[in-house]
K.L.:
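One structure, as C-alpha cells, below. Some questions next.
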Number of protein chains: 4
Amino acid sequence: MSARTEATKRKLFVATLALIGEHGMTGLTVDDIAARAGVAKGTVYYNFGSKDGLVDALLRYGVDLLASRLASAGDEDPWQTLSQLVDALLVFFADYPTFAQLLVSELWRTPGQWHATLSLVRDEITSVIRTELQRLADAGRLPDGVQVPTAAAALFGSVLVVALDWQVFQPARTKDEVHESVMLLIRGLRGTP
Amino acid sequence: MSARTEATKRKLFVATLALIGEHGMTGLTVDDIAARAGVAKGTVYYNFGSKDGLVDALLRYGVDLLASRLASAGDEDPWQTLSQLVDALLVFFADYPTFAQLLVSELWRTPGQWHATLSLVRDEITSVIRTELQRLADAGRLPDGVQVPTAAAALFGSVLVVALDWQVFQPARTKDEVHESVMLLIRGLRGTP
Amino acid sequence: MSARTEATKRKLFVATLALIGEHGMTGLTVDDIAARAGVAKGTVYYNFGSKDGLVDALLRYGVDLLASRLASAGDEDPWQTLSQLVDALLVFFADYPTFAQLLVSELWRTPGQWHATLSLVRDEITSVIRTELQRLADAGRLPDGVQVPTAAAALFGSVLVVALDWQVFQPARTKDEVHESVMLLIRGLRGTP
Amino acid sequence: MSARTEATKRKLFVATLALIGEHGMTGLTVDDIAARAGVAKGTVYYNFGSKDGLVDALLRYGVDLLASRLASAGDEDPWQTLSQLVDALLVFFADYPTFAQLLVSELWRTPGQWHATLSLVRDEITSVIRTELQRLADAGRLPDGVQVPTAAAALFGSVLVVALDWQVFQPARTKDEVHESVMLLIRGLRGTP
DNA sequence: TATGAATGAGGATTCATTCAT
DNA sequence: AATGAATGAATCCTCATTCAT
C-alpha cells in the first residue's frame, strides 16, 4: 500500500468519524464523506469497495487502536489491572466518543451489517476483562455465584454506558470522578471482605 | 381521540415495534409499517404526520408503559426497592426487547431526532433510581464519594446493557441469574459492612 | 339554498381567496382551505363537489362582482366611459388583488382547468371595452388600422398588468397616478387631432 | 462545466420547455422531464438539485437568450429603438411561447419560489425600455406627467399580454399587425404633435 | 490511482377524494 | 348539512453504486 493510498484512507477515516459524530450513522452518506475528505466519491469505492467496506475498515482500525491501549494495562494485582482497564477504556472513549456511540448503537442490533466486526470489538474488550476476573475467581477472591462471562459483559457495558452518559449528559465531571464511580459500583464483586 | 383512531394508532405501534425488532431502525419503511398494520400508507401521515412522528409517539407510549411498571416497585427498605426496580426493568426489556434496542441505539446520539423524547425516558427511569439512592445516602448507608446522579446513570446503563447482552449473546441465562449478576455488581454501593 | 349553506360557502370563498393571495394557486390545498374557513374538509366536497368546483364557483362569484362594477360606468363620451372603465378595473383589482393574480396566471395557460370560466371573465371585460371602442370607430374617431378586438385585448391586458405591477413592484404609487399612466398610454388610440 | 454536462443540461431545458408548453407548470413532473430528455431521473437532481432548481436555471437561461436579442436593438431615434424592442419581444415570445406563459403566470405571484429570478427578467426587459423612454424624456419629447418607470412597466406588460393573447386567442393575426397594434397604443406617449 | 457524471431502485410525503357516522 | 378518519395514486427526492475517462 503506497503512502498516497494510506493517506487517502486515513483522510476518509477521519472524515467518516467526524460525520458520524455530527449526524450519527443514519444520515451518513458517501457524498458527505468524500466531500469532507476532499476526494471524489469514486475514490471511496476505489479504496473500500463499498460504504459498508469503509465503515468496517474504520471499525477494525478502531479495534486495533483500542487493543494496543488495553495491552498496556497490567499489574500483579488483578484489581489494579481492572482499575487500569477501566481507566484505559474511559480515556479511549473520551478520545473517540464517536467510536463509543457507534459501538453502543450497533452492537446489539439484531441483524446488524457490521455485527461480525463489532462482536470482535466486544470480544476484544470482554476477554481482557474476563481474564482478570478469572484470575480473581481462581484465587477465590470473588463471591459465590459470580458468573465470570456475565460479569465481564456487565462491566464492559457499564463502562461504555457511563462513558457516554458522562459525555452527553454530564460533561462537567472529571475523568477521575467517573472512574471512581465505576470502581465503587463494582466493589460489590470484591465480595464481603 | 375516537376509539377508531386509538385502535389505528395501536395497530401502527404494534407493527412498528415488530418491524424494528426484525430489521432494525434502518430498514424501517413506512410502506412496511402500513402493510403490517393493515392500513393505508396515508394513515400513518394522517395520524402521526411523519415517520419520525410515529417513532416519537411510540417512544412516549413506551415511556408510559415502563413508568407504570416502575411505579409498582416500592418497599420500606431502599435496597429492596432497588432490587425490585432492576427486576421490573429486566422484565420490561425482556417483554419489549425492541424498546431496549431503540433506547440504546438512540439515547446517546449527538443531535438525534428523538433526543428530547429519549431524554425523557432516561429521566423517567433514572429519577426513580435516584430517589432510592438518595434515601440510602440520607440514611448514611452509601460509601463516601458516591455521586447519586452518576451512580443512578451507571446503574440504569448497566441494567440496559446487561438486558441486551442477555438477549443477544446469552439467551440461555434465566432472568434470575441476570438479576443476581446485576445485584452482585452493585453490592459495592452498599459500602463496607 | 339555506342561509347556513350560503354562509358556509362564503366562508370558503374568503378562505380560498386569502390562501391564494398568500401562497398562490400552487400550494392551495383543500386541507388548508377547510382549516382557514373553520369547517371540516368534507364540507368542501359537500358544497362544491371538488376543489376545482370550489375555485370555479369562486371565479364566477368574482365575475359577477366585477360585472356589477363595470356596469356602473357609462357616459355620453366614449372616452369618458373608457376612463371610467379603467378606473373601475383598477379599483377592483386593488380590492381583490388575488383575483388579478389568478386571472393573469391562469388565463393564458394552454389547457387550463378553469379556462372556460376564465375566458368568460376575459369576455366580460373585453366586450365592455370593445363596445366603447366600436362607438369611437363608428364615429370615425379612431385612427386607421386600429383593430377593435385586438385593441380591446391590449387595453385589458395593459390595465391588468399595470394593476399587478403597481401592487407588487410599485405600491407607493397612487391609484390616480396609475390611472393617468394608462390613459396617457392609450392616448395613441385617439389619433392625430 | 464539461461538454457532457452542458449537453445534458440543454437536453433537460428543451424537454422541460416542451412539457410546460404541453401541460403547463402544474402537471410538470420530474419523471416526465427525465423521460423526455432521455436521461435518468437522478440526473435532474445531480444537475439541478431539485425540480425548482431546474426551472430556475431554465428561467435564467431564457433571460440570457432574451437579453442577447434585445441587445441587438438600437437606433439613433429612440422611437425607432422602441419599435425594434417591441418587435424583438414579440418575436421572442413567438419563438418561446412557453416562456411568455411562465413569465405571466409566475411574475406577479406573491412570494413565488422563483420570484428572485423572475424579477431579474422583469428588470432586464424594463431597464432597456426605461433607457429609451428616459432618452425621450431628456429630449423633452414625452408629455408632462409621464412617469418613466411606470410607463416602462406598462409597455412591457402590454407587449407580454398582447403576445399571449395573439397566440392563444387570435393566432390568425400576423406579427406585423400585432406590432402595429402595440405601436398605435403607445403613440399616446409621443404627446401632442 | 482517482474522478465525477449518470443511474435507478427505494422511500418519504402530499393531497384530492371517499364514506361511514 | 356536516364531519373527519382513512385512502392510495402520484410525486419528489435520496443515495449507494457504476463506469468511462
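Scope of the values below: all heavy atoms of this structure, side chains included, with no hydrogens, waters or symmetry mates. This is a predicted model, so every value here is computed, not measured. Here is how names work: the chains are called A, B, and so on, in the same order as the sequence lines, proteins then strands, and each is numbered from 1.
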K.L.:
Does D:R60 pair with D:D56 as a salt bridge, N-O distance under 4.0 Å?
P.N.:
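Yes, charged N to carboxylate O under 4.0 Å.
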K.L.:
For D:F13, which residues count as a ring pair (Phe, Tyr, Trp, His ring centres under 6.0 Å) partner, sequence neighbours excluded?
P.N.:
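Ring pair (Phe, Tyr, Trp, His ring centres under 6.0 Å) check on D:F13 returns D:F48, D:Y61.
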K.L.:
I'd like to know whether C:Y96 forms a side-chain contact (heavy atoms from CB on, under 4.5 Å) with C:L66, so could you lay out the CA-CA distance, the side-chain angles of the two residues, the decisive distance to 0.1 Å, and finally the verdict.
P.N.:
CA-CA 10 Å; C:Y96 300 93; C:L66 175 56; over 6 Å; no
K.L.:
Could you list the residues that satisfy side chain to side chain contact (heavy atoms under 4.5 Å, CB included) with A:S50, not counting sequence neighbours?
P.N.:
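Result, side chain to side chain contact (heavy atoms under 4.5 Å, CB included) vs A:S50: A:D52.
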K.L.:
Quick check: on DNA chain F, is the nucleotide nearest B:A40 upstream (toward 5') of the one nearest C:G38, or the reverse? Name the residue that is more 5'.
P.N.:
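The answer here is C:G38.
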K.L.:
Could you spell out the base pairing of DNA chain F in dot-bracket, with Watson-Crick or G-U pairs whose two distances are under 3.5 Å, [ ] crossing and | to another strand?
P.N.:
.||||||||||||||||||||
K.L.:
Quick one: label D:T5 by what it contacts on the DNA or RNA (base, sugar-phosphate, nothing), any heavy atom closer than 4.0 Å.
P.N.:
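It contacts sugar-phosphate atoms only.
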K.L.:
How far apart are the C-alpha atoms of A:L28 and A:H23, what are their side-chain angles, what is the distance that settles it, and do they pass the side-chain contact (heavy atoms from CB on, under 4.5 Å) test?
P.N.:
CA-CA 7 Å; A:L28 178 69; A:H23 308 108; over 6 Å; no
K.L.:
Between the protein and nucleotides 11-15 of chain F, list every N/O to N/O distance that falls short of 3.5 Å.
P.N.:
{"unit_1": "F:dC12", "atom_1": "OP1", "unit_2": "D:L28", "atom_2": "O", "d": "3.3"}
{"unit_1": "F:dC12", "atom_1": "OP1", "unit_2": "D:K51", "atom_2": "NZ", "d": "3.0"}
{"unit_1": "F:dC12", "atom_1": "OP2", "unit_2": "D:V30", "atom_2": "N", "d": "3.1"}
{"unit_1": "F:dC13", "atom_1": "OP2", "unit_2": "D:Y45", "atom_2": "OH", "d": "3.1"}
{"unit_1": "F:dC13", "atom_1": "OP2", "unit_2": "D:K51", "atom_2": "N", "d": "3.2"}
{"unit_1": "F:dC13", "atom_1": "N4", "unit_2": "D:K41", "atom_2": "NZ", "d": "3.0"}

K.L.:
Donor-acceptor pair, B:T43 side chain versus B:V39 backbone, under 3.5 Å?
P.N.:
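No, because the side chain of B:T43 does not come within donor-acceptor range (under 3.5 Å) of the backbone of B:V39.
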K.L.:
Using side-chain contact (heavy atoms from CB on, under 4.5 Å), reason through C:L102 and C:L59 one step at a time and then give a plain yes or no.
P.N.:
CA-CA 9 Å; C:L102 230 159; C:L59 248 24; 3.9 Å; yes
K.L.:
Please assess D:F99 against D:L65 for the test side-chain contact (heavy atoms from CB on, under 4.5 Å), listing each intermediate value before the final yes or no.
P.N.:
CA-CA 11 Å; D:F99 201 77; D:L65 219 65; over 6 Å; no
K.L.:
If you look only at pairs with a residue in residues 30-51 of chain B, which of them pass as a salt bridge (charged side-chain N to carboxylate O under 4.0 Å, His left out), with sequence neighbours excluded?
P.N.:
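For residues 30-51 of chain B: B:E22-B:R36, B:D31-B:K41.
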K.L.:
Does C:N47 put a side-chain nitrogen or oxygen below 4.0 Å from OP1 or OP2 of F:dA1?
P.N.:
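So the side-chain polar atoms of C:N47 never come under 4.0 Å of the phosphate oxygens OP1 or OP2 of F:dA1.
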K.L.:
Using a 3.5 Å distance criterion without hydrogens, assess whether the side chain of A:Q167 forms a donor-acceptor pair with backbone atoms of A:F93.
P.N.:
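Checked: pair present.
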K.L.:
What are the 5'-most and 3'-most nucleotides of DNA chain E lying under 4.0 Å from any heavy atom of chain D?
P.N.:
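So the outermost contacting nucleotides come out as E:dG4 to E:dG10.
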